[in-house]
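As structure tokens, the structure follows; a few thoughts come after it.
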Amino acid sequence: MAGQTGEGALWGGRFSSGPDYVLQRLSKSTHFDWRLVPYDLDATAAHARALAQAGHLRHRDLDTILAALDTIREDYLGDRIHPRESDEDVHGALERILIERVGETLGGSLRAGRSRNDQIATFVRMYARDSARALRSILLECVRILLQRSEEVGDRAMPGRTHFQHAQPVLVAHYLLAHAWPLIRDIQRIDDWSRRNNVSPYGGGALAGGGLGLNPETIAQELGFDSVSPNSLDGTSSRDGVAEFLYITAQIGLDVSRLAEEIIIYSSAEFSYVSLDDAFATGSSMMPQKKNPDIAELARGKSGRLVGNLTGLLTTLKGLPLAYNRDLQEDKEPLFDSVDTLLVVLPAMAGLVASLRFNLDTMERNATAGFSLATDVADYLVGQGVAFREAHEIVGALVAHCEERGIELDEASDEDMASISPHLTPEVRSAMTLEASLQAKSGRGGTAPEQVAKQRAELGALVDALDTP
Ligand code: ARG
């Protein structure tokens with residue numbers, strides 16, 4: 001191909017030889033950017049219309065091109081067209097296919113006034129925008145499932161933990177909703193990000209802006225963008241929008257991994273707080289009795305991969321000079337991988353949580369273990385006018401007393417309590433019940449049943465509001 005542009009490539013005139021095989025192998029991106037075909041076709045059609053409007057393309061030729069683009073789209077959806085060995089990237093492949101259908105003159109005319117640099121910057125944003133929509137709707141579904149499950153468990157209690165040690169009892173519903181709020185914030189992050197991301201770099205050309213009198217505003221509008229990038233150098237070369245999106249996907253991965261970790265622990269024999277549904281658990285090839293929480297483990301494991309995609313891209317972007325650099329081709333694989341990963345992780349986790357069996361009696365039986373009502377007793381003493389510092393000491397002594405004898409707080413005798421402190425009267429027992437402990441947490445955000453009901457209503461309303469486009 002010396003001295004001319006080769007098949008599937010978009011440059012060549014000034015070269016005396018074609019690219020070496022090792023360069024081709026390194027440079028090629030069709031094995032991953034082929035999924036951008038629909039966006040390339042949308043933009044190419046919009047671009048053709050803009051060329052016609054500016055008088056660079058006859059209307060008859062425009063019609064021919066638009067009809068050909070339609071057939072290419074159908075063939076793409078029907079899996080009848082594929083990139084060739086000689087195609088450098090999705091843009092080159094599509095030009096080759098278009099030329100096969102409308103001839104070299106027409107097919108080769110659409111490169112006027114645009115560059116792969118503004119094209120790829122645009123398509124990546126369009127891809128991320130569509131993926132964000134898909135992720136958003138699965139996240140909403142996950143929140144709805146947690147809401148539904150939190151309703152089913154009623155006012156039953158479980159041990160609340162800090163440092164993974166028994167701390168204070170909480171409602172199972174309160175706990176489930178605590179895993180829903182981070183997902184709500186992820187949805188809000190997506191919405192916030194999309195306001196910044198929905199700016200079109202199209203018309204930025206290679207770097208300096210497009211010529212030929214084309215109107216980038218019209219193309220941006222046709223492609224569903226809110227506005228046009230105010231700086232072509234920035235528009236064609238910035239990928240902070242992709243990095244920010246990858247942060248959101250990594251955060252979703254982390255949020256889900258925390259729930260996954262607890263499902264793994266709480267489904268073990270020592271806890272048996274939850275049981276996995278058969279359809280959402282796996283067996284062992286050797287141990288016949290096994291029932292494994294593979295979904296939760298994969299969700300936990302894949303969160304590492306999501307973080308890796310983010311840190312990989314950030315490292316690629318560091319120190320890149322203006323404007324486009326080929327390094328930027330490395331934005332796509334982490335982006336695609338993070339989206340693909342969440343699109344399998346989230347539905348599986350949703351199914352796992354939706355089908356989980358809660359062993360509420362076991363959970364509630366353990367809710368007050370580990371002296372988890374001690375703080376309630378101290379709070380009771382404060383209500384009796386004892387300074388918290390002293391109350392803390394008194395209840396600490398009571399805990400030590402009970403621990404030594406292997407009994408629970410409410411099993412200490414009246415005499416023993418009185419010998420620890422005159423403040424520990426028999427009335428203090430009113431603070432030593434699960435119900436009293438739960439009821440007492442009645443401030444906003446607390447685990448009192450009435451507060452949790454309010455919380456659920458608040459979350460439900462928020463989900464409905466976020467679900468209306
Ligand atoms: N495959 C390239 C990318 O992903 C498309 C842009 C190529 N531009 C260029 N000047 N080589 O970034």
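Numbers here simply count residues along the sequence, with the first being 1. Every number for a ligand or one of its atoms is a count from 1 in the order of the listing. In what follows, every heavy atom counts, from backbone to side chain, and hydrogens, waters and symmetry copies are set aside.
- Using modelled atom types and a 3.5 Å distance limit, the side chains of T282 and D294 yield a donor-acceptor pair.
- Looking at R136 and L466, their side chains come closer than 4.5 Å, going by heavy atoms from C-beta outward.
- Close approach to S29 involves these atoms of ligand 1, each under 4.0 Å from a residue heavy atom: 1 (N).
- Judged purely by atom type and a 3.5 angstrom limit, R239 has no side-chain atom pairing as donor or acceptor with the backbone of E330.
- Looking at H91 next to ligand 1, no N or O pair under 3.5 Å apart turns up.
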Problem - Derivation and outcome, ring-ring contact (aromatic ring centres under 6.0 Å, His included), residues Y39 and F123 - result: CA-CA 6 Å; Y39 306 110; F123 305 160; 7.3 Å; no
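- Protein heavy atom at the shortest distance from atom 4 (O) of ligand 1 is K332 NZ, 2.6 Å.
- When hydrogens are left out, the protein atom nearest atom 7 (C) of ligand 1 is Y324 OH, 3.5 Å; that is the closest non-hydrogen contact.
- Using a 3.5 Å distance cut-off with no hydrogens or angles, the side chains of S194 and R133 do not pair a donor with an acceptor.
- Ranking protein heavy atoms by distance to atom 1 (N) of ligand 1, first place goes to Q329 OE1, 2.7 Å.
- When only non-hydrogen protein atoms are considered, atom 11 (N) of ligand 1 lies nearest to R116 NH2, 3.5 Å.
- With hydrogens left out, the protein atom closest to atom 9 (C) of ligand 1 is N117 OD1, 3.5 Å, a heavy atom.
- Neither the backbone nor the side chain of Q119 comes within 4.0 Å of ligand 1, counting heavy atoms alone.
- Judged by distance alone, with hydrogens and angles left aside, the side-chain atoms of Y76 form a donor-acceptor pair with the main-chain N or O of W34 at under 3.5 Å.
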